[in-house]
Amino acid sequence: MPAPYDLTRDELTRLLEGEPAYRARQVWEGLHARVRRPGEMTELPAALRASLEAALPPALREVSRRTADGGQTTKWLWALHDDARVETVLMHYPDRVTVCVSTQAGCAMGCQFCATGQAGFRRHLTEGEIVEQVAAAVREARPRRLSNVVFMGMGEPLANYDRVWGAVVRLNGEMGLSARHLTLSTVGLVPGIRRLAAETLPVNLAVSLHAANDTLRDELVPINRRYPLAVLAEACAAYVEASGRRLSIEWALIDGVNDRRSDASELVTFARPLGAHVNLIPLNPTPGYPVVGSPADRVRRFRDDLRVLGVNATIRATRGADIDAACGQLAASAPGEAADTATPAGAVQLLPGARGR
Ligand code: SAH
Ligand code: SF4
C-alpha cells in the first residue's frame, strides 16, 4: 500500500478515479498544505474519507515518544512497514520551531563516534517516509508553526540523494517551507555536494567536519579516505558560489582528540576561505566509542580561538540530552534501551592537562 506522501499528484488522481475532478486537489491540499490525515478531511464525504484512510495508511507507526527540556523537545521512535526503526526530534525555540528528520534507517558511513554509524546501515527511507516525519512535527507543533527542517537525524542525506531531494521539493513547493529554512547535513559526500550545487533551490548546507587534517579525519570519518579535505573544500566552495548560501561546519568536540589549539588553527585554514560558520557541540557519549565530549571551558576556549582567528563560531545548545535526542545520539533501539546510555556530561573527564603533582 502506498504511503500518503509517496504518492505523486498523478497517482493520487488515479486513486480517486470516478470521483469529481476537484477531489484530487482537495485531498492533495489536505495532505500537504493543511497537513491532515484523510480521516480528518471533513470536507470529504464520510465514505470517501473512510476508504482513503484505509487506502493510505501512515508510513510511520509511533513506537514511543519522549519529551525533555520542559516539554520543548519531543523525540519519536517510529517503526516503518518492514519494522525498520527511525527517530525524529522536534525542538521548540523562542524564535523558531525545528524538526530534525532521519533520511536512512541506520547509516553506512561508519563514523566511530556516532550511534547511528555504530549500528550500521539498514535501508534508505522513501520520500514519503521523510516527508511524513515533518508532517508529524507540523501537527505536534500546533498552534505554533513549524519553521525549520534539518536533515540531521539518522542517516547520510546525500547517500539517499533522490529521495531526500524529492522530499525537499515537496516540503518547499507543497508544504510552504522556505528553502532558507531547510538544512542538509552531510559527512562530506562530494558528488552529492556537486549535484546540490546544480539545483535551483538554495537550501543550507552543513558539513560535519570534526577534523581539518586528513590523518585525523580519515580516522574519525572514514569517508574522508575517498573524499579528502582538499576535494571537499573545492566542492563546498562550488556550493557556496552557486547557492549564495553560507556554509556551516559542524564540529563535535572530543576530549583531547580535536579540541586543541592546533585543531582550531587547522579548522580556521579550512573554514575561513569558505566564509563558513562553525557550530560547536561537545561530543555526546555513545556506547561504542570510549571517548567523551570536551569540558565546557575547553569548548568556550575553542570558540574564542576561532573567533580571534576570524572564524564565526557558536556553541550549539544540546537539546534533549536526557532523552538521547541530541544530534548524533539517535540510535533506534528497542523502547527503553536507549534511556540508560547517556553518561551525564562531564562525568568522566580525564584532562590531559591535569598533572598528578
Ligand atoms: N550523516 C549526516 C547527518 C546526520 S548526523 C552527517 O554526518 O552530517 C548529524 C550530526 O550529528 C553530524 O554533524 C554528526 O557528525 C553529529 N554527530 C554524530 N554523532 C555525534 C555524537 N556522538 N555527538 C555529537 N554529534 C554527533
Ligand atoms: Fe552517518 Fe552522519 Fe553518523 Fe557519520 S555522523 S555515521 S555520516 S549519521
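As the structure lists them, so they are numbered: ligands from 1, and atoms in each ligand from 1. On a predicted model such as this, the values are computed, not experimentally measured, just so you know.
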Exercise. For ligand 1, does Thr186 get within less than 4.0 Å through its side chain, its backbone, both, or neither, judged by non-hydrogen atoms?
Worked result: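 Backbone only.
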
With heavy atoms of [X] as the reference, note each atom of ligand 1 found under 4.0 Å away.
X: Cys114; value: 18 (C), 19 (N)
X: Glu250; value: 13 (O)
X: Thr286; value: 22 (N)
X: Gly155; value: 1 (N), 2 (C), 3 (C), 4 (C)

For this session: Sort by chain and number the protein N/O/S atoms that are closer than 2.8 Å to atom 3 (Fe) of ligand 2, and list them.
Result: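 As for protein N, O or S atoms lying under 2.8 Å from atom 3 (Fe) of ligand 2, they are Cys114 SG.
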
Exercise. So, is Ser185 polar-close to ligand 1, with some N/O to N/O distance under 3.5 Å?
Worked result: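 Among all N and O atoms of Ser185, at least one is under 3.5 Å from an N or O of ligand 1.
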
Problem set entry | Phe113-ligand 1 polar pair, N/O distance under 3.5 Å | yes

Partners meeting side chain to side chain contact (heavy atoms under 4.5 Å, CB included) with [X] (sequence neighbours left out):
X: Arg170; value: Tyr5, Trp28, His32, Glu127, Val131, Glu174
X: Thr314; value: His277, Asn279, Arg307
X: Ala59; value: Ala3, Glu129, Glu132

Problem set entry | Whether His210 lies under 4.0 Å from ligand 1, heavy atom | yes

Exercise. Is Gly153 in contact with ligand 1, taking contact as a heavy-atom separation below 4.0 Å?
Worked result: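 Yes, Gly153 has heavy atoms under 4.0 Å from ligand 1.
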
Exercise. Honestly curious: do Phe113 and Phe121 fall in one hydrophobic cluster under the side-chain, below-4.5 Å linking rule?
Worked result: no

Problem set entry | Taking every non-hydrogen atom, the tightest pair across Pro222 and Cys111 |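 In this case the closest contact between Pro222 and Cys111 is CD-CA, 4.0 Å.
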
